[in-house]
Amino acid sequence: MTTDLGTLLWTLVGVAVLVAVATAALLLTRAPSPWAPALAVLRGTVQLAVLSIVLSGVIRDPVWIGVALAVMFGVATTTAARRLGTLRTRLLPVATSMVIGIGVALVVVFATGAIAFSPRYVLAMGGIVIGNAMTIATLSGRRFVELVDDRWDDVEGWLALGATPRRATTDLVRRAVHAAMVPSTDQTRTTGLVTLPGAFVGAVFGGVSPLEAGRFQVVVLAAIIAAGALVAVTLTRLLAPVRTRPVRAD
């Protein structure tokens with residue numbers, strides 16, 4: 001018990017120092033919202049602590065795993081929608097695109113037998129794919145809005161010539177999708193050379209053979225890419241029919 005408490009204490013010290021370094025760097029450069037990363041780490045720590053306690057009791061219960069995934073999805077869609085504007089106008093397109101992307105990816109993973117269909121794997125894969133889909137929804141949506149705002153004169157020109165709102169932003173949709181997929185593509189391309197993915201490292205530390213951990217990680221990366229591509233394409237196409245200049249979200 002003493003060792004566990006000691007390890008926890010030094011973990012908290014290490015996290016506190018890292019957060020202090022990040023906050024100090026942001027304060028020195030007078031970046032907007034310099035305390036946001038520190039608050040994010042604090043919030044994440046509390047949420048992970050609660051999640052660890054909850055999951056210890058529901059990891060084998062399909063019903064509670066469904067509830068956990070539903071909560072993850074709800075928080076993810078709400079977070080992404082708020083990054084793009086108001087919930088009233090953005091929640092439906094974000095939720096629709098994420099349902100399509102996440103649903104297709106998970107169905108393929110478990111229907112093909114790439115990963116065994118069991119409660120713990122459903123929870124693990126679902127959580128990972130939902131988190132990454134949220135990020136790609138935010139990136140693609142924000143990039144599309146920024147491009148439309150920056151090139152509004154071009155969009156208005158297309159509309160004046162009789163183009164439909166969707167046709168007027170076709171090129172901007174392509175650019176937004178490409179920009180949103182860059183982080184996931186680079187992460188996948190450099191896996192094993194630049195980065196060691198968390199799922200791989202966690203599986204190895206948990207006693208799984210490196211070969212099996214690598215197999216699981218490859219499936220994870222492919223699922224993230226598939227879900228992300230569908231989310232980015234679907235969301236930007238839903239946002240594409242623009243008739244008025246969009247207002248950028250903070």
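Here the structure is a predicted model, which means the values were calculated and not measured. Below, all heavy atoms of this structure are taken into account, side chains as well, without hydrogens, waters or symmetry copies.
- One hydrophobic cluster, built from ILVMFWY side chains closer than 4.5 Å, holds both F117 and M125.
- One distance of note links CD of Q217 with CD1 of I128; it measures 7.0 Å at 0.5 Å rounding.
- With hydrogens and angles disregarded, a donor-acceptor distance shorter than 3.5 Å links the side chain of R142 to the backbone of R83.
- A 4.5 Å side-chain heavy-atom check between V177 and R174 finds every atom pair outside the cut-off.
- Aromatic ring orientation, F216 versus Y121: tilted (interplanar angle from 30° to 60°).
- Other residues, nucleotides and ligands contribute only 12 or fewer heavy atoms inside 6.0 Å of the CH2 atom of W35.
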Side chain to side chain contact (heavy atoms under 4.5 Å, CB included) between W158 and T169, intermediate numbers included: CA-CA 9 Å; W158 277 104; T169 58; over 6 Å; no
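- L147 and L84 end up in the same hydrophobic cluster when Ile, Leu, Val, Met, Phe, Trp and Tyr side chains are linked at under 4.5 Å.
- Qualifying salt bridge (Lys or Arg N to Asp or Glu O under 4.0 Å) partners for D154, counting only residues two or more places apart in sequence or in other chains: R151.
- Taken together through direct or relayed side-chain contacts under 4.5 Å among Ile, Leu, Val, Met, Phe, Trp and Tyr, V104 and I130 form parts of separate hydrophobic clusters.
- Annotation for A176 and S140: closest pair CB-O, 3.7 Å, computed over non-hydrogen atoms.
- I100 is not listed as a side-chain neighbour of V231, based on a closest heavy-atom distance of 4.5 Å or more.
- Distance check, rounded to the nearest 0.5 Å: CE of M98 to CE of M134 gives 7.5 Å.
- Atom CZ in R237 sits 7.5 Å away from atom OG1 in T170 (nearest 0.5 Å).
- The two atoms that bring A232 and T236 nearest to each other are O-OG1, 2.7 Å, heavy atoms only.
- When side chains are defined from C-beta on, V122 counts as touching L69, because their heavy atoms get closer than 4.5 Å.
- Interatomic distance, CG of L239 versus CG of L172, reported as 12.0 Å (0.5 Å rounding).
- Note: N132 CG to I102 CD1 = 10.0 Å, rounded to the nearest 0.5 Å.
- Heavy atoms only, all atoms of each residue included: V109 and A223 are closest at CG2-CB, 4.0 Å.
- More than 12 heavy atoms of other residues, nucleotides or ligands sit less than 6.0 Å from atom CZ of R215.
- Between L238 atom CG and R166 atom CZ the span is 7.5 Å, to the nearest 0.5 Å.
- The two residues A38 and V19 have their closest heavy-atom pair at CB-CG1, 3.4 Å.
- For the pair A227 and A105, the tightest heavy-atom approach, listed with the atom from each and the gap, is CB-CB, 3.9 Å.
- Considering every non-hydrogen atom in both P34 and T23, the closest pair reads O-CG2, 4.0 Å.
- The hydrophobic cluster containing L91 does not contain V145, counting ILVMFWY residues as joined when their side-chain heavy atoms lie under 4.5 angstrom apart, directly or transitively.
- In the hydrophobic cluster analysis, where Ile, Leu, Val, Met, Phe, Trp and Tyr join through side-chain heavy atoms closer than 4.5 angstrom, V108 is grouped apart from L221.
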